[in-house]
2 protein chains.
Amino acid sequence: MSKKKYTIADIAYMAGISKGTVDRVIHKRGKVSKKAYEKITRILKEIDYQPNLVARNLKKNKTYTLYVLLPDPEQDPYWAPCVEGINAASREFQSFGVMVEAVFFDPSGTKSFNATCKQVLKQEPDGVVFVPLFYQESLAFAEKCVKKKIGLATFNGSLPEGQAGSFIGQDLHQSGRVAGKLLHQLLGDDKKVAVIHADEAYQNAIHMQEKEKGFRDYYEGLKGNTTIITQTLPHKDIKNVAQSMKHFFAEHPDVSGLFVTTSKGYLLDGALPETHAGIPVVGYDLIEKNIKALESGVIDFLIHQNPRQQAYLGVSYLSEYFAFDKKIPGKKLLPIDIVNSENYIHYLE
Amino acid sequence: MSKKKYTIADIAYMAGISKGTVDRVIHKRGKVSKKAYEKITRILKEIDYQPNLVARNLKKNKTYTLYVLLPDPEQDPYWAPCVEGINAASREFQSFGVMVEAVFFDPSGTKSFNATCKQVLKQEPDGVVFVPLFYQESLAFAEKCVKKKIGLATFNGSLPEGQAGSFIGQDLHQSGRVAGKLLHQLLGDDKKVAVIHADEAYQNAIHMQEKEKGFRDYYEGLKGNTTIITQTLPHKDIKNVAQSMKHFFAEHPDVSGLFVTTSKGYLLDGALPETHAGIPVVGYDLIEKNIKALESGVIDFLIHQNPRQQAYLGVSYLSEYFAFDKKIPGKKLLPIDIVNSENYIHYLE
DNA sequence: CAATTAAGTGTGCTCGACAACATTTCTGCC
DNA sequence: GGCAGAAATGTTGTCGAGCACACTTAATTG
């Protein structure tokens with residue numbers, strides 16, 4: 001398991017040759033005779049040479065700049081934990097010459113996003129981690145980065161396959177299935193349930209649809225006979241959710257479970273008509289208001305997307321790539337954490 | 001946020017003094033005039049000097065040896081993921097001179113544990129990460145380590161407070177509460193439920209009791225009127241669990257939910273009498289047999305203790321301590337992951 | 001007052017990887 | 001054979017921290 005650590009000098013000695021030549025072989029920069037090349041290659045393989053990353057990093061002595069673009073946590077608390085994750089990763093890698101800078105944009109429109117992108121590009125960073133909130137704009141930005149050979153990672157949303165860089169997030173379709181399973185566990189067979197797409201100012205439409213699809217897929221795979229209806233709760237109605245819900249349940253009195261596809265599950269707190277007060281609800285995201293709703297019993301389960309970890313990993317992947325030449329994992333799917341009133345505390349920190 | 005990085009040479013230049021003196025100030029090894037000391041200290045504070053850990057590590061050029069003691073995964077598959085976690089951490093830190101060696105012991109008695117401890121101590125390691133399966137023996141071992149100034153971390157079980165070293169694990173009492181909540185969510189109020197302590201060859205007694213206590217605490221905090229009974233399923237009976245369960249339910253026909261405090265929940269697969277076939281069950285640990293039981297619907301929820309992560313963190317903490325002089329966190333409680341048939345996949349890997 | 005000791009300071013080498021630069025060896029050609 | 005020029009190889013300095021050793025003052029004593 002643990003072996004002696006060999007240095008380039010060791011190898012040079014073993015091969016009866018100088019370190020310069022060994023280095024040339026390792027880095028494939030030619031000017032080496034076939035004989036020497038083969039000899040060294042054989043030794044390298046034999047001892048399974050692992051270069052000392054510490055020494056390598058010290059020699060390079062380069063500082064890398066890394067920008068993280070994400071929605072302003074002040075406007076949507078969902079993003080607050082990301083900042084913490086970014087800082088944690090930043091602390092970890094600053095010794096290795098990686099400088100991390102977080103930049104916020106206004107998620108309510110594309111204008112701020114575009115402006116921020118431009119600004120970041122002007123800094124000529126070595127790497128960029130960003131949240132691809134707006135599809136077209138993100139695509140354009142990613143392309144520019146690739147052209148400028150800027151390292152790339154996205155989290156909490158993906159770009160189409162084949163795009164360079166890393167994607168860190170959750171399998172949304174599967175998380176819909178998890179929600180389906182949870183409601184099914186709470187309700188049993190042959191009930192009527194509703195998918196609620198509650199107010200998202202910006203284009204979470206794709207997200208929401210993916211989740212709904214997973215949810216429906218789960219129920220379709222069962223022998224049972226559950227009915228699923230979909231209800232959208234647009235922005236203009238969130239001032240009076242109680243009213244909307246009253247209408248909804250008047251129309252669908254037999255709905256016995258709700259799946260809220262966004263982080264707005266807390267809106268149901270105090271907004272469910274008496275006739276349906278204790279009805280099972282599954283929602284998303286550990287934001288403060290949702291936790292309150294968990295504790296008051298309005299929401300039964302939350303699905304945690306771990307934004308902190310997503311941001312942390314995004315920064316870490318690029319940092320390790322810069323500092324240690326590690327290759328960037330193409331895709332990293334995080335666990336779909338199921339949270340209730342008794343275990344949420346450990347996911348906060 | 002990101003500042004220029006200063007080196008000792010920079011500071012020496014700024015203070016108009018040599019780097020030797022700066023170094024003496026930083027490491028407090030005296031032989032410095034008051035004047036020089038104050039000048040340098042002021043500069044250090046002013047620029048918030050952070051030593052280059054890479055260079056430091058390179059210079060020290062020491063290799064640290066770290067042993068991990070855990071039960072043999074061949075005898076209990078619960079521990080298998082730990083090996084993976086250990087390897088992951090090992091890979092990560094081998095560049096920094098940390099050599100990790102995993103050693104297995106037979107969990108069925110203290111003899112093997114003691115022998116392994118002795119053997120490990122003989123190797124004079126710099127650090128030890130171990131699973132304190134046997135209380136008295138673990139205590140003695142920990143003391144010896146402290147005396148020999150060996151770095152210490154435990155996972156999946158704790159030693160009494162005040163002991164040096166780190167503890168990584170789960171809040172077992174709270175995990176019992178989580179189980180209670182889950183059964184409550186599935187069953188509703190005023191039911192009769194049972195806590196099953198299913199066969200553990202070795203002293204998991206404390207673990208099981210902690211979990212039961214949490215479980216009962218949860219129900220006691222409710223307004224409802226749930227009855228809880230406890231049933232032990234000893235080793236000799238696991239050959240015929242069906243028989244035991246038949247007797248159990250004959251005696252307690254009104255039990256409508258089960259909480260299995262060990263990883264042996266899968267024993268119920270095919271062992272529940274027809275009268276109670278679909279009864280809700282909450283168990284522990286993502287071992288293969290339990291996952292099968294999850295998928296077949298015998299087990300509804302599993303609580304995941306993330307042994308992989310526990311082992312990974314244990315090794316990481318000590319490694320960071322050796323390689324970067326980071327201080328070891330005293331206690332790290334991992335999330336209590338709730339797992340059902342739809343999300344278990346992400347916790348495996 | 002020279003000699004000894006202590007206190008404070010500076011210099012230079014090491015760790016391992018790496019690459020620029022210097023040097024040697026080989027090849028072809030007149 | 002001699003010589004240019006390419007090809008191969010060797011040497012050395014760098015990155016930043018850290019420490020042993022050498023060195024310079026200042027203080028003390030016979």
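All of these numbers come straight from a predicted model, not from anything done at the bench. Chain letters run A, B, ... following the sequence lines, proteins first and then strands; every chain starts at 1.
- By the 30° and 60° cut-offs, the orientation of the rings of Phe96(B) relative to Phe96(A) is tilted.
- His27(B) has its NE2 atom 7 Å from the C1' atom of dA17(D), to the nearest Å.
- Here dT14(C) presents its C1' atom at 11 Å from NZ of Lys19(B), a figure rounded to the nearest Å.
- The residue Ile26(B) sits apart from the nucleic acid: no heavy atom pair falls under 4.0 Å.
- A heavy atom lying under 4.0 Å from DNA chain C marks the following residues of residues 28-44 of chain A, by number: Arg29(A).
- Other residues, nucleotides and ligands contribute only 12 or fewer heavy atoms inside 6.0 Å of the OH atom of Tyr37(B).
- Looking only at side-chain heavy atoms (C-beta outward), Cys145(A) and Leu121(A) come within less than 4.5 Å of each other.
- The aromatic rings of Phe130(A) and Phe113(A) sit tilted relative to each other, their planes meeting at an angle between 30° and 60°.
- Shown here is Tyr321(B), whose OH atom has no more than 12 heavy atoms of other residues, nucleotides or ligands within 6.0 Å.
- With rounding to whole Å, Phe96(A) atom CZ is found 14 Å from dG16(D) atom C1'.
- Taking atom CD of residue Gln50(B) and atom P of nucleotide dA17(D), one finds them 11 Å apart after rounding to whole Å.
- Side-chain contact between Leu66(B) and Asp126(B) is absent, with no heavy-atom pair separated by less than 4.5 Å.
- Between Ser95(A) and Asn52(B), the shortest heavy-atom distance links the atoms O-OD1, 4.0 Å.
- Within 6.0 Å of NZ in Lys39(A) there are 12 or fewer heavy atoms belonging to other residues, nucleotides or ligands.
- Applying the 4.0 Å criterion to OP1 and OP2 of dG10(D), one finds that Thr21(A) has a side-chain N or O inside that range.
- No side-chain heavy atom of Pro335(A) sits under 4.5 Å from any side-chain heavy atom of Asp337(B).
- Protein atom CD1 of Ile8(B) is 15 Å distant from nucleotide atom C1' of dG12(C), rounded to whole Å.
- With hydrogens and angles ignored, no donor-acceptor pair closer than 3.5 Å exists between the side chain of Arg24(B) and the base of dG18(D).
- Taking only side-chain nitrogens and oxygens, Tyr49(B) comes nearer than 4.0 Å to OP1 or OP2 of dA17(D).
- Within residues 52-66 of chain B, the residues having any heavy atom closer than 4.0 Å to DNA chain D are, in order of number, Asn52(B), Ala55(B), Arg56(B), Lys59(B).
- In terms of phosphate contacts, Ser18(A) brings a side-chain nitrogen or oxygen within less than 4.0 Å of OP1 or OP2 of dG10(D).
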